[in-house]
Protein chains: 2
Amino acid sequence: MIDDFGASLRNLRLKATPRRLAILDILASEPVYLSPEEVWQKLKARFKKAGLPSVYRNLEILAQGGVIIQIIHPDRKLYYYHCRNGSHHHHFVCIACRKVQDLAFCGMDEIEREIKGVLKGRVVSHVLQVYGLCKECTNDTGIHDKESV
Amino acid sequence: MIDDFGASLRNLRLKATPRRLAILDILASEPVYLSPEEVWQKLKARFKKAGLPSVYRNLEILAQGGVIIQIIHPDRKLYYYHCRNGSHHHHFVCIACRKVQDLAFCGMDEIEREIKGVLKGRVVSHVLQVYGLCKECTNDTGIHDKESV
DNA sequence: TATTAAATAGAATCTGTTTCTGTTTAGAGG
DNA sequence: CCTCTAAACAGAAACAGATTCTATTTAATA
(Lines give C-alpha, C1' and ligand atoms only; values in the text may rest on other atoms or scores of the structure.)
Protein backbone atom coordinates (compact mmCIF):
# COMPACT_ATOMS: atom_id res chain seq x y z
CA MET A 1 0.00 0.00 0.00
CA ILE A 2 1.49 3.24 -1.19
CA ASP A 3 0.55 6.28 0.83
CA ASP A 4 -1.08 9.06 -1.12
CA PHE A 5 0.05 12.02 0.92
CA GLY A 6 -1.61 14.45 -1.45
CA ALA A 7 -4.99 12.88 -0.84
CA SER A 8 -4.68 12.90 2.95
CA LEU A 9 -3.68 16.55 2.82
CA ARG A 10 -6.63 17.37 0.59
CA ASN A 11 -8.92 15.69 3.10
CA LEU A 12 -7.60 18.01 5.76
CA ARG A 13 -7.94 21.07 3.50
CA LEU A 14 -4.19 21.54 3.60
CA LYS A 15 -2.15 22.68 0.63
CA ALA A 16 0.07 19.97 -0.79
CA THR A 17 3.23 22.01 -0.95
CA PRO A 18 6.50 20.35 -1.96
CA ARG A 19 8.00 20.88 1.47
CA ARG A 20 4.97 19.52 3.27
CA LEU A 21 4.90 16.44 1.08
CA ALA A 22 8.61 15.97 1.66
CA ILE A 23 8.19 16.21 5.42
CA LEU A 24 5.53 13.53 5.26
CA ASP A 25 7.73 11.40 3.05
CA ILE A 26 10.69 11.80 5.39
CA LEU A 27 8.67 10.68 8.37
CA ALA A 28 7.00 7.83 6.50
CA SER A 29 10.21 6.43 5.06
CA GLU A 30 11.26 4.77 8.32
CA PRO A 31 9.34 3.53 11.38
CA VAL A 32 11.34 5.70 13.75
CA TYR A 33 10.59 8.93 15.53
CA LEU A 34 12.38 12.12 14.51
CA SER A 35 12.92 15.51 16.10
CA PRO A 36 11.97 18.70 14.23
CA GLU A 37 15.67 19.43 13.88
CA GLU A 38 16.30 16.04 12.29
CA VAL A 39 13.39 16.44 9.91
CA TRP A 40 14.81 19.81 8.99
CA GLN A 41 18.24 18.35 8.23
CA LYS A 42 16.70 15.77 5.94
CA LEU A 43 14.51 18.42 4.34
CA LYS A 44 17.48 20.63 3.60
CA ALA A 45 19.03 17.74 1.70
CA ARG A 46 16.11 17.99 -0.70
CA PHE A 47 15.57 21.74 -0.79
CA LYS A 48 18.31 24.35 -0.79
CA LYS A 49 16.12 26.64 1.25
CA ALA A 50 14.05 25.29 4.07
CA GLY A 51 13.19 27.04 7.29
CA LEU A 52 13.09 25.37 10.66
CA PRO A 53 9.96 27.31 11.68
CA SER A 54 8.16 25.85 8.68
CA VAL A 55 9.11 22.40 9.85
CA TYR A 56 7.72 23.11 13.31
CA ARG A 57 4.54 24.56 11.85
CA ASN A 58 4.02 21.64 9.50
CA LEU A 59 4.69 19.03 12.15
CA GLU A 60 2.16 20.68 14.42
CA ILE A 61 -0.47 20.98 11.70
CA LEU A 62 0.05 17.42 10.52
CA ALA A 63 -0.11 16.09 14.05
CA GLN A 64 -3.30 18.06 14.62
CA GLY A 65 -4.74 16.45 11.52
CA GLY A 66 -3.73 13.03 12.73
CA VAL A 67 -1.42 12.27 9.81
CA ILE A 68 1.53 12.01 12.17
CA ILE A 69 1.68 11.66 15.91
CA GLN A 70 3.77 13.15 18.68
CA ILE A 71 5.88 10.76 20.67
CA ILE A 72 5.94 11.32 24.43
CA HIS A 73 9.60 11.35 25.36
CA PRO A 74 11.08 11.67 28.84
CA ASP A 75 13.48 14.35 27.60
CA ARG A 76 10.46 16.56 27.00
CA LYS A 77 11.46 17.42 23.46
CA LEU A 78 9.20 17.12 20.46
CA TYR A 79 9.36 13.95 18.40
CA TYR A 80 7.13 12.82 15.61
CA TYR A 81 6.30 9.54 14.00
CA HIS A 82 4.31 8.72 10.90
CA CYS A 83 1.62 6.36 12.04
CA ARG A 84 -0.47 4.41 9.50
CA ASN A 85 -2.76 2.93 12.11
CA GLY A 86 -5.68 5.30 12.54
CA SER A 87 -7.41 3.62 15.44
CA HIS A 88 -6.61 4.28 19.08
CA HIS A 89 -3.47 2.54 20.25
CA HIS A 90 -0.17 3.09 21.99
CA HIS A 91 3.45 2.59 21.10
CA PHE A 92 6.47 0.60 22.04
CA VAL A 93 9.50 2.81 21.52
CA CYS A 94 12.94 1.31 21.17
CA ILE A 95 15.43 3.36 23.14
CA ALA A 96 18.29 2.07 21.04
CA CYS A 97 17.20 2.47 17.42
CA ARG A 98 14.17 4.75 17.92
CA LYS A 99 11.88 2.35 16.15
CA VAL A 100 8.22 2.71 17.05
CA GLN A 101 5.85 -0.25 17.07
CA ASP A 102 2.12 -0.34 17.67
CA LEU A 103 0.65 -2.00 20.73
CA ALA A 104 -2.72 -3.72 20.69
CA PHE A 105 -3.37 -3.54 24.41
CA CYS A 106 -4.49 -0.32 26.00
CA GLY A 107 -5.98 -1.06 29.41
CA MET A 108 -7.90 2.15 29.70
CA ASP A 109 -11.17 0.31 30.26
CA GLU A 110 -9.98 -0.91 33.64
CA ILE A 111 -8.49 2.45 34.53
CA GLU A 112 -11.60 4.31 33.48
CA ARG A 113 -13.66 1.93 35.58
CA GLU A 114 -11.43 2.63 38.58
CA ILE A 115 -11.57 6.38 38.12
CA LYS A 116 -15.34 6.39 37.69
CA GLY A 117 -16.02 3.91 40.45
CA VAL A 118 -13.46 4.73 43.11
CA LEU A 119 -12.37 8.30 42.50
CA LYS A 120 -15.71 9.43 41.02
CA GLY A 121 -13.84 11.38 38.38
CA ARG A 122 -14.10 11.65 34.62
CA VAL A 123 -11.36 10.72 32.16
CA VAL A 124 -10.56 13.20 29.42
CA SER A 125 -7.34 11.86 27.95
CA HIS A 126 -4.42 9.65 28.72
CA VAL A 127 -0.89 8.91 27.66
CA LEU A 128 0.69 5.52 27.71
CA GLN A 129 4.04 4.73 26.25
CA VAL A 130 6.43 1.90 26.72
CA TYR A 131 10.18 2.15 26.29
CA GLY A 132 12.53 -0.74 25.82
CA LEU A 133 14.57 -2.66 23.32
CA CYS A 134 13.03 -3.99 20.12
CA LYS A 135 13.66 -7.52 18.89
CA GLU A 136 16.71 -6.52 16.84
CA CYS A 137 18.28 -4.40 19.55
CA THR A 138 17.63 -7.06 22.19
CA ASN A 139 19.58 -9.58 20.14
CA ASP A 140 22.28 -7.02 19.67
CA THR A 141 25.67 -7.12 21.30
CA GLY A 142 24.94 -3.64 22.56
CA ILE A 143 27.49 -1.72 20.52
CA HIS A 144 24.77 0.78 19.71
CA ASP A 145 24.90 4.33 20.97
CA LYS A 146 21.87 3.86 23.16
CA GLU A 147 19.96 6.84 24.38
CA SER A 148 19.14 7.01 28.02
CA VAL A 149 15.44 6.95 28.73
CA MET B 1 1.14 10.63 59.95
CA ILE B 2 3.62 13.45 59.96
CA ASP B 3 6.32 13.31 57.37
CA ASP B 4 9.84 13.46 58.69
CA PHE B 5 11.53 15.13 55.78
CA GLY B 6 14.83 15.30 57.63
CA ALA B 7 14.92 11.53 58.00
CA SER B 8 14.14 10.85 54.35
CA LEU B 9 16.89 13.25 53.33
CA ARG B 10 19.36 11.59 55.69
CA ASN B 11 18.52 8.26 54.11
CA LEU B 12 19.49 9.70 50.76
CA ARG B 13 22.67 11.26 52.15
CA LEU B 14 21.34 14.69 51.36
CA LYS B 15 21.88 17.69 53.57
CA ALA B 16 18.75 18.88 55.29
CA THR B 17 19.08 22.53 54.38
CA PRO B 18 16.30 24.95 55.28
CA ARG B 19 15.49 25.59 51.65
CA ARG B 20 15.40 21.91 50.78
CA LEU B 21 13.10 21.16 53.68
CA ALA B 22 10.89 24.05 52.70
CA ILE B 23 10.64 22.82 49.12
CA LEU B 24 9.56 19.42 50.40
CA ASP B 25 7.06 21.04 52.72
CA ILE B 26 5.65 23.20 49.94
CA LEU B 27 5.11 20.19 47.70
CA ALA B 28 3.70 18.04 50.50
CA SER B 29 1.25 20.64 51.74
CA GLU B 30 -1.21 20.04 48.91
CA PRO B 31 -1.97 17.05 46.65
CA VAL B 32 -1.38 19.08 43.50
CA TYR B 33 1.49 19.30 41.07
CA LEU B 34 3.61 22.44 40.92
CA SER B 35 6.04 23.91 38.42
CA PRO B 36 9.58 24.86 39.51
CA GLU B 37 8.59 28.48 39.07
CA GLU B 38 5.61 28.05 41.36
CA VAL B 39 7.68 26.29 43.98
CA TRP B 40 10.14 29.15 43.74
CA GLN B 41 7.41 31.75 44.30
CA LYS B 42 6.25 29.94 47.41
CA LEU B 43 9.83 29.51 48.58
CA LYS B 44 10.52 33.22 48.23
CA ALA B 45 7.60 33.87 50.55
CA ARG B 46 9.57 32.02 53.25
CA PHE B 47 13.11 33.15 52.44
CA LYS B 48 14.13 36.59 51.36
CA LYS B 49 16.79 35.11 49.15
CA ALA B 50 16.08 32.00 47.10
CA GLY B 51 17.47 31.15 43.72
CA LEU B 52 15.49 29.50 40.97
CA PRO B 53 18.46 27.30 39.99
CA SER B 54 18.50 25.90 43.51
CA VAL B 55 14.86 25.01 43.14
CA TYR B 56 15.53 23.20 39.88
CA ARG B 57 18.51 21.37 41.37
CA ASN B 58 16.60 20.33 44.46
CA LEU B 59 13.58 19.17 42.53
CA GLU B 60 15.80 17.05 40.32
CA ILE B 61 17.72 15.58 43.25
CA LEU B 62 14.58 14.87 45.23
CA ALA B 63 12.90 13.27 42.23
CA GLN B 64 15.99 11.15 41.67
CA GLY B 65 15.78 10.03 45.28
CA GLY B 66 12.13 9.19 44.88
CA VAL B 67 10.92 11.67 47.49
CA ILE B 68 8.91 13.50 44.87
CA ILE B 69 7.90 12.54 41.36
CA GLN B 70 7.78 14.27 38.03
CA ILE B 71 4.39 14.58 36.42
CA ILE B 72 4.22 13.90 32.70
CA HIS B 73 2.38 16.86 31.26
CA PRO B 74 1.31 17.40 27.66
CA ASP B 75 2.77 20.89 27.70
CA ARG B 76 6.21 19.32 28.14
CA LYS B 77 7.13 21.47 31.11
CA LEU B 78 8.43 20.18 34.40
CA TYR B 79 5.95 19.56 37.17
CA TYR B 80 6.47 17.85 40.49
CA TYR B 81 4.24 16.20 43.00
CA HIS B 82 4.97 14.94 46.51
CA CYS B 83 3.96 11.31 46.48
CA ARG B 84 3.64 9.37 49.75
CA ASN B 85 3.00 6.07 48.04
CA GLY B 86 6.35 4.39 47.47
CA SER B 87 5.20 1.41 45.43
CA HIS B 88 4.80 1.46 41.68
CA HIS B 89 1.65 3.15 40.54
CA HIS B 90 0.30 5.79 38.20
CA HIS B 91 -1.67 8.98 38.58
CA PHE B 92 -4.94 10.55 37.73
CA VAL B 93 -4.34 14.23 37.16
CA CYS B 94 -7.18 16.71 37.34
CA ILE B 95 -6.85 19.21 34.53
CA ALA B 96 -8.96 21.72 36.40
CA CYS B 97 -7.54 21.89 39.92
CA ARG B 98 -4.21 20.07 39.34
CA LYS B 99 -4.96 17.53 42.02
CA VAL B 100 -3.09 14.26 41.63
CA GLN B 101 -4.58 10.95 42.77
CA ASP B 102 -3.04 7.51 42.82
CA LEU B 103 -4.31 4.73 40.60
CA ALA B 104 -4.24 1.11 41.63
CA PHE B 105 -4.40 -0.35 38.13
CA CYS B 106 -1.32 -0.40 35.96
CA GLY B 107 -1.83 -2.91 33.17
CA MET B 108 1.82 -3.34 32.35
CA ASP B 109 1.61 -7.10 32.82
CA GLU B 110 -0.54 -7.47 29.73
CA ILE B 111 1.56 -5.02 27.77
CA GLU B 112 4.79 -6.69 28.77
CA ARG B 113 3.33 -10.02 27.73
CA GLU B 114 2.42 -8.57 24.34
CA ILE B 115 5.84 -7.02 23.83
CA LYS B 116 7.65 -10.20 24.82
CA GLY B 117 5.37 -12.55 22.95
CA VAL B 118 4.46 -10.65 19.81
CA LEU B 119 7.16 -8.04 19.30
CA LYS B 120 9.94 -10.11 20.92
CA GLY B 121 11.21 -6.98 22.64
CA ARG B 122 12.15 -6.11 26.19
CA VAL B 123 10.47 -3.46 28.35
CA VAL B 124 12.71 -1.02 30.18
CA SER B 125 10.31 1.61 31.40
CA HIS B 126 6.91 3.04 30.77
CA VAL B 127 4.81 6.10 31.38
CA LEU B 128 1.11 6.06 31.98
CA GLN B 129 -0.90 9.02 33.01
CA VAL B 130 -4.55 9.82 32.94
CA TYR B 131 -6.01 13.31 32.69
CA GLY B 132 -9.51 14.29 33.53
CA LEU B 133 -11.73 15.93 36.07
CA CYS B 134 -11.66 14.87 39.69
CA LYS B 135 -14.82 14.30 41.70
CA GLU B 136 -15.03 17.88 42.92
CA CYS B 137 -14.35 19.42 39.53
CA THR B 138 -16.81 17.08 37.81
CA ASN B 139 -19.58 18.25 40.09
CA ASP B 140 -18.54 21.79 39.47
CA THR B 141 -20.47 24.30 37.47
CA GLY B 142 -17.27 24.88 35.56
CA ILE B 143 -16.44 28.34 36.81
CA HIS B 144 -12.86 27.21 37.36
CA ASP B 145 -10.00 28.50 35.29
CA LYS B 146 -9.39 25.15 33.68
CA GLU B 147 -6.14 24.43 31.93
CA SER B 148 -6.27 22.88 28.52
CA VAL B 149 -4.68 19.45 28.38
C1' DT C 1 35.15 23.95 67.37
C1' DA C 2 37.55 23.10 62.78
C1' DT C 3 36.98 21.27 58.47
C1' DT C 4 35.12 20.26 54.06
C1' DA C 5 32.11 18.73 50.73
C1' DA C 6 27.56 20.01 49.71
C1' DA C 7 24.40 23.59 48.86
C1' DT C 8 23.54 28.16 47.66
C1' DA C 9 22.64 33.00 45.08
C1' DG C 10 22.92 35.47 41.19
C1' DA C 11 24.42 36.25 36.70
C1' DA C 12 25.07 34.49 32.44
C1' DT C 13 23.98 31.19 29.16
C1' DC C 14 21.88 27.68 26.47
C1' DT C 15 18.62 25.40 23.51
C1' DG C 16 14.44 24.08 21.76
C1' DT C 17 10.58 26.44 20.20
C1' DT C 18 7.72 30.35 18.65
C1' DT C 19 6.63 34.86 16.78
C1' DC C 20 7.06 38.36 13.41
C1' DT C 21 7.57 40.45 8.74
C1' DG C 22 7.66 40.52 4.24
C1' DT C 23 7.68 37.34 0.16
C1' DT C 24 6.29 33.38 -2.52
C1' DT C 25 3.09 29.95 -4.13
C1' DA C 26 -0.72 26.30 -4.49
C1' DG C 27 -5.00 25.87 -5.99
C1' DA C 28 -9.67 27.83 -6.63
C1' DG C 29 -12.40 30.54 -9.84
C1' DG C 30 -12.88 32.87 -13.88
C1' DC D 1 -4.71 28.84 -19.34
C1' DC D 2 -4.53 33.36 -16.47
C1' DT D 3 -5.85 35.87 -11.94
C1' DC D 4 -6.30 36.14 -7.42
C1' DT D 5 -5.96 35.20 -2.52
C1' DA D 6 -5.32 32.79 1.51
C1' DA D 7 -2.00 29.60 2.87
C1' DA D 8 2.69 28.58 3.22
C1' DC D 9 7.12 30.10 3.23
C1' DA D 10 12.28 31.93 4.66
C1' DG D 11 14.91 34.31 7.66
C1' DA D 12 15.59 37.11 11.54
C1' DA D 13 14.45 37.97 15.99
C1' DA D 14 12.45 36.89 20.26
C1' DC D 15 11.05 33.90 23.78
C1' DA D 16 10.92 30.93 27.98
C1' DG D 17 12.01 27.21 30.51
C1' DA D 18 15.90 25.13 32.03
C1' DT D 19 20.98 24.85 32.95
C1' DT D 20 25.77 26.13 33.76
C1' DC D 21 29.24 28.84 36.08
C1' DT D 22 31.67 31.11 39.93
C1' DA D 23 32.26 32.68 44.17
C1' DT D 24 30.23 32.33 48.77
C1' DT D 25 27.85 30.18 52.56
C1' DT D 26 26.58 26.35 55.48
C1' DA D 27 25.25 21.61 57.36
C1' DA D 28 27.18 17.88 59.24
C1' DT D 29 31.16 15.19 60.23
C1' DA D 30 35.45 14.46 62.87
Side-chain angles (χ1 to χ4, degrees), chain A residues 4-26 33-65 67-68 70-80 147-148, chain B residues 4-24 26 33-41 43-65 67-68 70-80 147-148:
Chain A
D4 184 353
F5 299 138
S8 24
L9 293 181
R10 236 168 290 127
N11 285 342
L12 295 167
R13 313 278 154 107
L14 294 174
K15 282 190 186 179
T17 68
R19 275 154 183 78
R20 181 167 288 162
L21 288 166
I23 288 173
L24 267 180
D25 185 55
I26 286 165
Y33 66 82
L34 295 175
S35 69
E37 179 86 23
E38 288 162 340
V39 172
W40 185 43
Q41 293 302 335
K42 287 171 188 279
L43 192 67
K44 281 194 293 185
R46 303 193 191 185
F47 298 89
K48 278 212 189 77
K49 293 186 166 190
L52 185 54
S54 289
V55 173
Y56 273 97
R57 196 176 340 100
N58 273 310
L59 291 174
E60 195 191 323
I61 289 173
L62 294 171
Q64 191 125 30
V67 189
I68 61 177
Q70 257 187 47
I71 290 288
I72 305 289
H73 200 286
D75 72 6
R76 302 191 332 280
K77 289 171 193 163
L78 285 170
Y79 293 100
Y80 293 91
E147 294 169 49
S148 69
Chain B
D4 184 353
F5 298 136
S8 24
L9 292 182
R10 237 169 287 125
N11 285 343
L12 295 168
R13 314 277 152 106
L14 294 173
K15 282 192 185 176
T17 68
R19 275 155 184 76
R20 182 166 288 163
L21 289 167
I23 288 172
L24 268 180
I26 286 165
Y33 67 83
L34 294 176
S35 70
E37 179 85 24
E38 288 162 341
V39 172
W40 184 44
Q41 294 302 335
L43 191 67
K44 282 194 294 187
R46 303 194 191 184
F47 299 90
K48 277 213 189 77
K49 291 186 169 192
L52 184 53
S54 290
V55 173
Y56 273 97
R57 196 178 338 99
N58 273 312
L59 291 174
E60 194 191 322
I61 289 173
L62 294 172
Q64 192 126 30
V67 189
I68 61 175
Q70 257 187 47
I71 290 288
I72 305 288
H73 200 286
D75 71 6
R76 292 183 291 103
K77 289 173 193 163
L78 285 170
Y79 293 101
Y80 293 91
E147 294 170 48
S148 69

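In what follows, every chain begins at residue 1, and chains take the letters A, B, ... in the order their sequences are listed.
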Visitor: Can you tell me how far P of C:dA26 sits from CZ of A:Phe5, to the nearest Å?
Guide: 18 Å
Visitor: What integer distance in Å separates B:Asp75:CG from D:dG17:P?
Guide: 10 Å
Visitor: Within the structure provided, determine whether B:Arg57 and B:Arg20 are in side-chain contact (heavy-atom separation under 4.5 Å).
Guide: no
Visitor: OP1, OP2 of D:dA18 versus side-chain N and O of B:Tyr56: anything below 4.0 Å?
Guide: yes
Visitor: Send over the distance from A:Leu14 CG to D:dC9 C1', rounded to a whole Å.
Guide: 15 Å
Visitor: For A:Glu38 and C:dT17, what is the distance between atoms CD and C1' respectively, to the nearest whole Å?
Guide: 15 Å
Visitor: Any side-chain heavy-atom pair from B:Leu78 and B:Tyr56 closer than 4.5 angstrom?
Guide: yes
Visitor: What is the separation between atom CD1 on B:Ile23 and atom P on C:dA7, rounded to the nearest whole Å?
Guide: 12 Å
Visitor: Can you see if the side chain of B:Arg19 gets near the phosphate of D:dT26 - specifically, an N or O under 4.0 Å from OP1 or OP2?
Guide: no
Visitor: Reckon A:Thr17 has a side-chain N or O less than 4.0 Å from the OP1 or OP2 of D:dC9?
Guide: yes
Visitor: How is B:Arg20 classified with respect to the nucleic acid when contacts are heavy atoms under 4.0 Å: base, sugar-phosphate, or nothing?
Guide: sugar-phosphate
Visitor: Please determine if a side-chain N or O atom of A:Arg57 lies less than 4.0 Å away from the OP1 or OP2 oxygen of D:dC9.
Guide: yes
Visitor: Can you identify which nucleotide, out of D:dA10, C:dT17, C:dA9, has its nearest atom closest to the A:Lys77 side chain?
Guide: C:dT17
Visitor: Checking all strands, does A:Arg76 fall into the base, sugar-phosphate, or nothing category for heavy-atom contacts under 4.0 angstrom?
Guide: sugar-phosphate
Visitor: With nearest nucleotide decided by heavy atoms, which residue, B:Ala16 or B:Pro53, maps closer to the 5′ end of DNA chain D?
Guide: B:Pro53
Visitor: Look at atom NZ of A:Lys44 and say whether more than 12 heavy atoms of other residues, nucleotides or ligands are closer to it than 6.0 Å.
Guide: yes
Visitor: Supply the atom-to-atom distance B:Leu62 CG to B:Leu9 CG, rounded to the nearest 0.5 angstrom.
Guide: 6.5 Å
Visitor: Remember a base hit wins even if backbone is also touched, and classify B:Leu78 as base, sugar-phosphate or nothing at under 4.0 Å, heavy atoms.
Guide: sugar-phosphate
Visitor: Please report, rounded to the nearest Å, how far the C1' atom of C:dT24 is from the NZ atom of A:Lys15.
Guide: 9 Å
Visitor: Please examine the side chains of B:Gln70 and B:Tyr79, heavy atoms only from C-beta on, and report whether any two atoms are closer than 4.5 Å.
Guide: no
Visitor: Roughly, in whole Å, what's the span from NZ in B:Lys49 to P in C:dA11?
Guide: 10 Å
Visitor: Whole-Å distance between C:dA26 P and A:Leu21 CG?
Guide: 10 Å
